[in-house]
Peer 1: 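Before anything else, here's the structure in question.
A note on names: the letters A, B, ... follow the listed sequences, proteins ahead of strands, and every chain is numbered from 1. These numbers come from a predicted model, not from an experiment.
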Protein chains: 2
Amino acid sequence: MNAQKVTIADVAKRAGVSKGLVSFALNDRPGVSPETRSRILAVAGDLGWKPSLRARSLSTRRSFALGLVVARNPEVLGSDPFFPSFIAGVESILSNRGQALVLSVVPSEEAEFRSYRQLVDDGRVDGVFLTDLRHDDPRIPLLTELGVPAVTLGRPDGPSPFPAVSIDDTPGIAESVAYLAQLGHRRIAHIAGSSTMLHGSRRREAFDAALRAAGLPAGQTIETDFSVAAGSDATRRLLGQEDAPTAIVYANDPMAIAGLGVAHELGIRVPDELSITGFDDIDFSRYVYPPLTTVSATPVVWGRAAATTLLALIETGTAADVDLPAARLIIRGSAAAPAHTRKSAT
Amino acid sequence: MNAQKVTIADVAKRAGVSKGLVSFALNDRPGVSPETRSRILAVAGDLGWKPSLRARSLSTRRSFALGLVVARNPEVLGSDPFFPSFIAGVESILSNRGQALVLSVVPSEEAEFRSYRQLVDDGRVDGVFLTDLRHDDPRIPLLTELGVPAVTLGRPDGPSPFPAVSIDDTPGIAESVAYLAQLGHRRIAHIAGSSTMLHGSRRREAFDAALRAAGLPAGQTIETDFSVAAGSDATRRLLGQEDAPTAIVYANDPMAIAGLGVAHELGIRVPDELSITGFDDIDFSRYVYPPLTTVSATPVVWGRAAATTLLALIETGTAADVDLPAARLIIRGSAAAPAHTRKSAT
DNA sequence: TAGGTTAGCTAAACCGGTTCAGACGACTCA
DNA sequence: TGAGTCGTCTGAACCGGTTTAGCTAACCTA
């Protein structure tokens, strides 16, 4: 029946007013008498008029969409639980606000640059999320140059014109180390994420600091790319040594789960002979055996906060930094007193 | 310097031709002399002109974007490795074609409907992917009504006007069962996915058929929602029985990994006392212990094929069904001959 | 009662492309 | 030589909104 879409001109004609006035009425602008306004809105409702997003985009130079660029190896991406949850959080805000999310998944840093540029040049998005912050992140000057509103996930180490939405992951690592130390561990190692990533190096620093705070000697650290495969390799190296650590603090859950696998394979019992802690509290961590003692991250909450902040920035021109509650340690079954302590205790 | 963006009018003036001709030249339309065409393109290059996507969208009624709606509980979403990889595959095609992906993550089926409708009504996308096919999928009539080009992931059980891009997962399940039967298992159970999902019930049917083919009695099946938690519960139920199965075929890897955890917890050794097979070959499955014998799915390939097909459909108006290579069994360490067979063999 | 505000509204320009009818000259052919 | 055809190009309409300049009538003030 409604073969052709109804436009603003149809509404205007039917309501006996000009196009402009319909636009004013729709956007709650002053200069329309209450009676006329309600008549226009009634007609619009009758006719089932929905303003064309495309036309509106053209004249307002807005796209009513936000952009997220994910630079990640496709294989690794699947085991990274952060993005799906983060996106779910973002969407929960956007869907009520008539906004859409444009997602770009790219394999390399170079492609990431191109992708941001394209998204902005094409006017696909009104703002972007900046995730996986790196040291002196080159994307910050890029986005500044592009003149696009953005929100960083976490606080960059250099100057940044963008609001930051952060979760402090230091306390989580600190609690993990303190917990292990208190259980009696003295040789605690860290399987860290990439040091080019801010959260990778920050967790590592938190680890070092926590060891000092516990009065323990510096621990061994192996840097990885956060991948399951790297977590497995690093664990194997660690456990193959003379003075193998009695506890390992992993920078994320996927690597910790890989570590669990390596320990099983080597016949090292967890937690009796080796204690393990993770970071993220992914869905799996509760269901592996033993269930993973880990730090709860809240990517859904993070997504919601980041989306809210970015929309505020776009609409008002400014937005304040947001600090989300720090991630906390969740004690489950993968850590216990080390073997020698056990023995002496029995 | 280039404060204001350069438009088609600037190019036209500078090249000494009309706007229309510039448009023709840009779009490789006939009616432009070779010399003029190259002059126009040269000027466009000089000026750094990029046609405005928004203006083009308005006049062509195209958005140069594809839509993906994911209906999934946020918590479950993180452990589902399908979507990130699928999306990576889709993007690998889109990025070269100047197309974007609009992603919508919703919590419920109802919201899913609204989301499709909104995406299409707003003209955000030129076509959509239809994933997680259900029986008599109500989204097919919806999309038909909306008149939007679509591609289904897998072949629907009812009539569908849309091309299907499918991977047959029957052989994978059949091979799993045959492999277990050949190892000597006779009590094989299946932890199935949701029967409302086409791939859930199809894998289940494949399981039943394979048992018959192997001359084995019907096996026990527990239906789940594909989640890690449900996989864990179902395994616990199965192993708590009198005549517990000696082998379990899981409908996906996350549940299989959860099953591994339950077995460990109950002190049941895998694969000596219990054999396990999964489905998907997610990143984790290689790194748990024992490494998971599973069926390799190829979501990245699926994403590429689906994107290619959808773009072809949008551009030409038709596209043929695509059948991707069937998923095959990957033998690793989580299945072996059952305990009693072992004994008698020794 | 003239002059100045103001609220309410219209007409037209504008965003930046695409598309179509038709003008124009060159070329072909009868 | 005149009509028809073709290739090349122009001008204007169009997509469907937003925005601005300016008109009109009513009301206020001196």
Peer 1: Applying ring-ring contact (aromatic ring centres under 6.0 Å, His included), can you list everything that pairs with B:Tyr116, at least two apart in sequence or on another chain?
Peer 2: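 ring-ring contact (aromatic ring centres under 6.0 Å, His included) check on B:Tyr116 returns nothing, list empty.
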Peer 1: Side chains of residues 60-69 of chain B: which donor-acceptor pairs under 3.5 Å do they make with residues two or more places apart or in other chains?
Peer 2:
| from | atom 1 | to | atom 2 | distance (Å) |
| --- | --- | --- | --- | --- |
| B:Thr60 | OG1 | B:Arg56 | O | 2.6 |
| B:Thr60 | OG1 | B:Arg62 | N | 3.4 |
| B:Arg62 | NH1 | B:Asp126 | OD2 | 3.1 |
| B:Ser63 | OG | B:Arg124 | O | 3.0 |
| B:Ser63 | OG | B:Val125 | N | 3.3 |
| B:Ser63 | OG | B:Asp126 | N | 3.4 |
| B:Ser63 | OG | B:Asp126 | OD1 | 2.9 |

Peer 1: Should A:Leu142 and A:Arg117 count as side-chain neighbours, where that means a heavy-atom distance under 4.5 Å?
Peer 2: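 Counting from C-beta outward, A:Leu142 and A:Arg117 do come under 4.5 Å.
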Peer 1: Under the rule for salt bridge (charged side-chain N to carboxylate O under 4.0 Å, His left out), what residues qualify as partners of A:Asp132, not counting sequence neighbours?
Peer 2: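 Testing A:Asp132 for salt bridge (charged side-chain N to carboxylate O under 4.0 Å, His left out), a comparison that skips the adjacent residues, returns A:Arg72.
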Peer 1: When the ring planes of B:Phe86 and B:Phe82 are compared, do they come out parallel, tilted or perpendicular, using 30° and 60° as the limits?
Peer 2: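 Answer is parallel, since the angle falls under 30°.
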Peer 1: Evaluate the side-chain proximity of B:His199 to B:Leu133: yes if any heavy-atom separation is below 4.5 Å, no if none is.
Peer 2: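 Not in contact.
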Peer 1: Applying side chain to side chain contact (heavy atoms under 4.5 Å, CB included), can you list everything that pairs with A:Arg134, at least two apart in sequence or on another chain?
Peer 2: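 Listed in chain order: A:Glu109, A:Glu112, A:Asp137, A:Pro138, A:Arg139, A:Met197.
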Peer 1: For the helix from C:dG4-D:dC27 to C:dA30-D:dT1, what angle separates the axis at the start from the axis at the finish, each from five pairs, in steps of 10°?
Peer 2: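 End axes: 60° apart.
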Peer 1: Each nucleotide in nucleotides 9-24 of chain D should get exactly one letter: B, S or -. Can you fill that in based on protein heavy atoms under 4.0 Å?
Peer 2: BB----BBBBBB----
